[in-house]
K.L.:
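Structure below; questions to follow.
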Amino acid sequence: METGKSAEEEGSNHSIHLQVVELRRLSEIYGSSSATIFEPQGSGVGGVEKRDSSTANSVSPTVMNPAATAPEKKLTLFALRLAVLEKAATSLGTLGFIWATVVLLGGFAIILDKTDFWLITVILLIEGARIFSRSHELEWQHQATLSISDAGVNSFRALRSSPHFLAGIVRTIFRPIQKQSRRQNRGTESNPPSNGSASWHQRRKSISRTWTSSDVPILPYGKWVFLSKNVSKVFYWLQLASATACVTLSLMKLIQHNYGEVSKTDTDKRNRKAALTIFYSLALAEALLFLLEKAYWEWKVIYCKILEQVNQECELGPSGMVSIKRFFYDAYSRSVNGSIFDGLKMDVVSFAMELLSSTSPDEQLIGARVLRQFSISERFSDDTLQKVGTNISVIERLVEMLNWKDLQEEEIRRSASEVLSKLAGKKQNSLRVAGIPGAMESISSLLRTNREANRPAADEVGEKKIVCDHFGYGFWTFNHLGLLILKKLARDHDNCGKIGNTRGLLPKIIDFTHAGEKLLKDENAALSQILTVKRSLQVMKMLASTTGATGKQLRKEISEVVFTISNIRDILRHGGKHPMLQKLSIEILTSLAQEEEATERIGGTGGILKELFNIFFERDGPGSIQSHVRIAAGEALAMLALESRSNCHRILKLKVLSELVAALEVPVLRVNAGRILRNLCIYSGGDSFDQLKDVTACAPTVLKAITSEDKKLQEVMVGLAAEAFKFMTPQESALMFQRAGMTNVQLATIIVTTLRKYEDPPTKVPRIRRFCIELAIWMMRENRGNAEVFRELGFEKDLECVLETTSELESFNIFSGTVGMSRHSVSIHSLVETAMELLVAR
């Protein structure tokens with residue numbers, strides 16, 4: 001949410017930066033020749049998909065081994081050392097307690113000196129109090145989720161100003177809790193929280209119907225002292241006081257050594273001196289170990305700032321201190337209450353996953369914050385995502401959190417969304433996320449569309465309204481995250497089907513593709529709005545390019561939404577400043593055009609064909625449109641003209657034939673211009689013969705291009721020649737050969753050589769053998785002398801080779817992945833038989 005807000009404040013700079021980045025990405029991704037819909041592709045082809053997968057699967061060379069560099073290992077080692085001192089002190093204390101009760105008070109109780117008796121009693125009582133307070137201090141600290149540094153710093157500060165500290169305690173003891181509460185409430189109202197974390201806690205407290213353990217007043221008076229979050233401090237000082245008293249008393253007796261006189265005849269008192277020395281030594285050693293532990297604690301926490309160091313290395317930010325302190329308390333508690341090695345088994349990621357499943361909102365927030373930060377961290381993301389991805393219960397919990405829409409749970413929801421967006425970047429994890437029941441519905445809940453929720457009448461559509469963030473809730477941020485998760489999930493074929501089957505999800509995605517003229521032309525447009533449009537287009541492109549029956553159904557559903565094509569038209573018309581958006585929109589049209597109904601809807605939408613030609617011919621001025629966007633527009637136009645007589649007629653009405661012929665001379669446009677012209681020649685019908693007569697002007701250019709080394713260009717030009725030359729009379733064809741400086745024999749030789757070059761059907765140019773045979777048939781029908789030329793070149797043997805090696809690859813105009821679509825009306829076998837008949841005819 002913070003990122004989205006800052007982006008809106010600096011919209012101008014980010015908008016310029018976005019355009020530069022888009023252009024750079026375009027040049028990097030499409031700089032080399034990429035597969036198109038006119039040739040078979042591998043699974044999951046697409047610019048967006050390739051880019052995301054490469055990013056998701058790449059591992060930065062700077063990433064260090066998390067197991068070797070985990071910052072929390074400093075804390076677990078620190079907890080181990082403290083636990084060793086604590087257990088050693090406790091063992092000595094237990095031994096001293098047993099020695100005092102069994103040996104001294106049991107064996108020498110009657111003959112002990114009065115001073116020693118009371119000193120032993122006092123030491124046992126204060127040690128008992130210390131052990132009791134020690135056993136409960138960690139519990140109170142855990143409940144309060146306070147930091148050690150708070151206790152330590154406050155202890156020293158209080159020590160320096162002890163009169164004020166003690167006076168404050170006395171005052172609060174006798175102040176009624178109600179007055180104290182009112183004063184705190186007034187203070188809260190006059191000093192609102194300044195950061196998000198404080199605001200979050202304030203909202204929770206303002207609506208809570210239950211007590212928070214750290215805020216429970218143990219007694220009705222003296223709230224400050226007897227709040228549970230301050231009880232641990234009381235225990236802390238009680239331990240220090242008892243240990244200091246124990247050291248003082250024991251050391252005093254060991255120095256004075258006055259245990260009373262023992263006569264040689266008094267055998268009952270003979271061992272009393274040694275027994276007392278042993279007891280005072282044990283008490284002194286136990287108290288010194290405890291004070292050593294506290295000194296080590298204070299030194300590491302206050303002066304070495306170990307918690308701050310670990311927090312900084314974990315990159316958790318200011319709010320992460322709570323998480324680090326809580327982690328340390330848990331590690332220390334395990335080491336003290338169990339084996340000293342139990343704390344070493346803890347790590348921050350597992351700790352966060354445990355807190356995520358808690359019923360406490362505070363613990364949930366701590367866990368969500370840690371997982372979010374570790375998921376986006378370059379150092380820790382791989383290890384974190386691996387642990388989270390293999391824990392189904394954690395993934396289910398994260399998915400469940402996507403549905404939490406309360407204002408006070410906004411940060412938890414946002415953190416869960418960011419973790420899932422990172423998790424979905426790995427294919428195996430994306431399958432696990434999508435496989436959770438209700439996952440798609442939960443992701444859909446992140447998308448807040450701005451169309452009216454009220455059901456409109458049957459003869460109208462809900463009005464589209466702008467919904468802005470309010471009450472500090474970042475709806476746009478959740479829109480971005482929802483679309484990002486969907487984009488990463490859509491890389492898998494099965495996930496695309498689940499997205500399409502989720503009720504109401506496709507219309508939401510399509511709604512986000514809406515971008516009006518004002519937004520697209522505004523140089524200071526907020527990055528968040530452009531990013532929303534971009535991500536929604538990316539998701540739509542991946543869904544529309546899905547292969548198989550799933551893709552066919554998705555394309556049908558997408559094209560049936562009444563806003564799909566009109567939203568794309570607005571981007572084509574006004575999105576000149578955003579070439580990436582235009583290219584994504586055009587690619588969506590290309591994919592949708594695989595379906596006959598969608599092709600007719602696209603062509604029938606006013607302005608679509610015209611805007612595509614405007615982009616293709618760069619009518620806004622030289623250099624105004626990127627070449628890759630123009631290439632994409634050409635592919636879309638070729639697809640829309642394929643097997644669509646109505647679209648061919650619409651194109652002819654635009655009177656662009658001469659411009660298409662001229663485009664055959666432009667290296668960037670000539671391949672797609674050739675495809676468009678060929679489709680116009682084939683599918684326009686006989687009633688458009690006069691309009692297509694001008695296509696013969698391209699003949700010299702086509703003959704020159706047939707000799708090109710560019711395989712794709714050669715294929716397209718041979719195919720265009722086979723159809724365009726049909727509009728010429730024999731006299732015009734003879735003149736055409738003369739103007740091109742080529743003879744019939746040379747063209748026949750090129751055809752035969754090309755067939756021999758491709759003995760097997762090539763995947764990059766799957767139609768070239770078919771087109772060569774079609775052109776040879778036209779030549780033999782146009783001039784009977786050409787049949788003799790082909791016979792002399794051994795064309796018959798080449799045709800037999802084609803029959804023996806033909807495959808389904810040569811039977812289709814376009815491909816969806818590895819599946820052929822739009823089968824040719826005439827099979828290649830029929831073409832070979834026709835050519836054979838013309839060869840043998842005299």
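Please read all numbers here as calculations on a predicted model, not as lab measurements.
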K.L.:
How far apart are the closest heavy atoms of P762 and L809, and which atoms are they?
P.N.:
O-CD2, 3.6 Å
K.L.:
Run the salt-bridge test on R670 and D710 with the 4.0 Å N-O cut-off and return the result as yes or no.
P.N.:
no
K.L.:
Between E774 and A722 (side chain of the first, backbone of the second, donor and acceptor by atom type, cut-off under 3.5 Å), is there such a pair?
P.N.:
no
K.L.:
Return the set of residues passing ring-ring contact (aromatic ring centres under 6.0 Å, His included) with F771 (not counting sequence neighbours), or none when no residue passes.
P.N.:
none
K.L.:
Below 4.0 angstrom, N of the basic side chain to O of the carboxylate: do E723 and R678 qualify?
P.N.:
yes
K.L.:
Side chain to side chain contact (heavy atoms under 4.5 Å, CB included) with V789: which of T743, V745, L747?
P.N.:
V745
K.L.:
Taking atom CZ of R739 as the centre, does the number of heavy atoms from other residues, nucleotides or ligands within less than 6.0 Å exceed 12?
P.N.:
no
K.L.:
Going from OG1 on T729 to CD on E732, what distance comes out if it is rounded to the nearest 0.5 angstrom?
P.N.:
3.5 Å
K.L.:
Please determine whether a side-chain nitrogen of the Lys or Arg among R569 and E611 lies less than 4.0 Å from a carboxylate oxygen of the Asp or Glu.
P.N.:
no
K.L.:
Just wondering, do L713 and V716 contact through their side chains at under 4.5 Å, heavy atoms?
P.N.:
no
K.L.:
Could you walk me through whether R769 and E810 pass the salt bridge (charged side-chain N to carboxylate O under 4.0 Å, His left out) check?
P.N.:
CA-CA 8 Å; R769 300 202 304 178; E810 300 174 289; 2.8 Å; yes
K.L.:
Do the side chains of V695 and L680 get nearer than 4.5 Å, heavy atoms only?
P.N.:
no
K.L.:
Are E635 and T590 linked by a side-chain donor-acceptor pair shorter than 3.5 Å?
P.N.:
no
K.L.:
Examine distances only and state if a side-chain atom of T546 and a backbone atom of L543 form a donor-acceptor pair shorter than 3.5 Å.
P.N.:
yes
K.L.:
What are the two closest heavy atoms between R555 and L592, and how far apart are they?
P.N.:
O-CD2, 3.8 Å
K.L.:
Between I777 and A835, what is the shortest heavy-atom contact and its length?
P.N.:
CG1-CB, 4.0 Å
K.L.:
Does CD in E560 sit with more than 12 non-hydrogen atoms of other residues, nucleotides or ligands closer than 6.0 Å?
P.N.:
yes
K.L.:
Within the supplied structure, the quantity of interest is the number of heavy atoms (other residues, nucleotides, ligands) at a distance under 6.0 Å from K693 NZ; does it exceed 12?
P.N.:
yes
K.L.:
Where do A673 and F616 come nearest, in terms of heavy atoms and distance?
P.N.:
N-CZ, 4.0 Å
K.L.:
Tell me every residue that passes side chain to side chain contact (heavy atoms under 4.5 Å, CB included) with R630, counting only those two or more places apart in sequence or in another chain.
P.N.:
E618, I625, L669
K.L.:
Under 3.5 Å, side chain of T754 to main-chain N/O of I750, donor-acceptor pair present?
P.N.:
yes
K.L.:
Can you see whether E600 engages S646 through a side-chain donor-acceptor pair at a distance of less than 3.5 angstrom?
P.N.:
yes
K.L.:
Which pair of heavy atoms, one from L584 and one from K534, lies closest together, and at what distance?
P.N.:
CD1-O, 3.9 Å
K.L.:
Can you confirm whether F815 sits close enough to P766 that some side-chain heavy atom of one is under 4.5 Å from a side-chain heavy atom of the other?
P.N.:
yes
K.L.:
Is there side-chain contact between V802 and I828, with at least one heavy-atom pair below 4.5 Å?
P.N.:
yes
K.L.:
Could you tell me the separation between the CG atom of L839 and the CG atom of L799, rounded to the nearest 0.5 Å?
P.N.:
6.0 Å
K.L.:
Does a side-chain heavy-atom distance below 4.5 Å link T834 with R781?
P.N.:
yes
K.L.:
Counting only N and O atoms by type, is there a donor-acceptor contact under 3.5 Å from the side chain of T605 to the main-chain atoms of I565?
P.N.:
no
K.L.:
Could you check whether atom CD of E800 has more than 12 heavy atoms from other residues, nucleotides or ligands sitting under 6.0 Å from it?
P.N.:
yes
K.L.:
Should the pair R791-E788 be classified as a salt bridge under the 4.0 Å nitrogen-to-oxygen rule?
P.N.:
yes
K.L.:
Can E643 and S822 be said to form a side chain to side chain donor-acceptor pair (under 3.5 Å), step by step?
P.N.:
CA-CA 8 Å; E643 295 184 334; S822 179; 2.9 Å; yes
K.L.:
For R784 and L838, work out which heavy atoms get closest and say how close.
P.N.:
NH2-O, 3.1 Å
K.L.:
Closer than 3.5 angstrom, by distance alone: can the side chain of N647 be matched with the main-chain N or O of L640 as a donor-acceptor pair?
P.N.:
yes
K.L.:
Heavy-atom count around E596 CD within 6.0 Å, excluding the residue itself: above 12?
P.N.:
no
K.L.:
Could you go through the salt bridge (charged side-chain N to carboxylate O under 4.0 Å, His left out) check for E587 and K583 one step at a time?
P.N.:
CA-CA 6 Å; E587 288 172 341; K583 190 172 192 311; 2.4 Å; yes
K.L.:
Listing request: all salt bridge (Lys or Arg N to Asp or Glu O under 4.0 Å) pairs with a residue in residues 653-665, at least two apart in sequence or in separate chains.
P.N.:
R619-E659
K.L.:
Counting heavy atoms not belonging to K610, are there more than 12 under 6.0 Å from its NZ?
P.N.:
no
K.L.:
Look at the aromatic rings of F617 and F613 and report parallel, tilted or perpendicular, splitting at 30° and 60°.
P.N.:
parallel
K.L.:
Less than 4.0 angstrom from a charged side-chain N to a carboxylate O is my criterion; do E715 and K711 meet it?
P.N.:
no
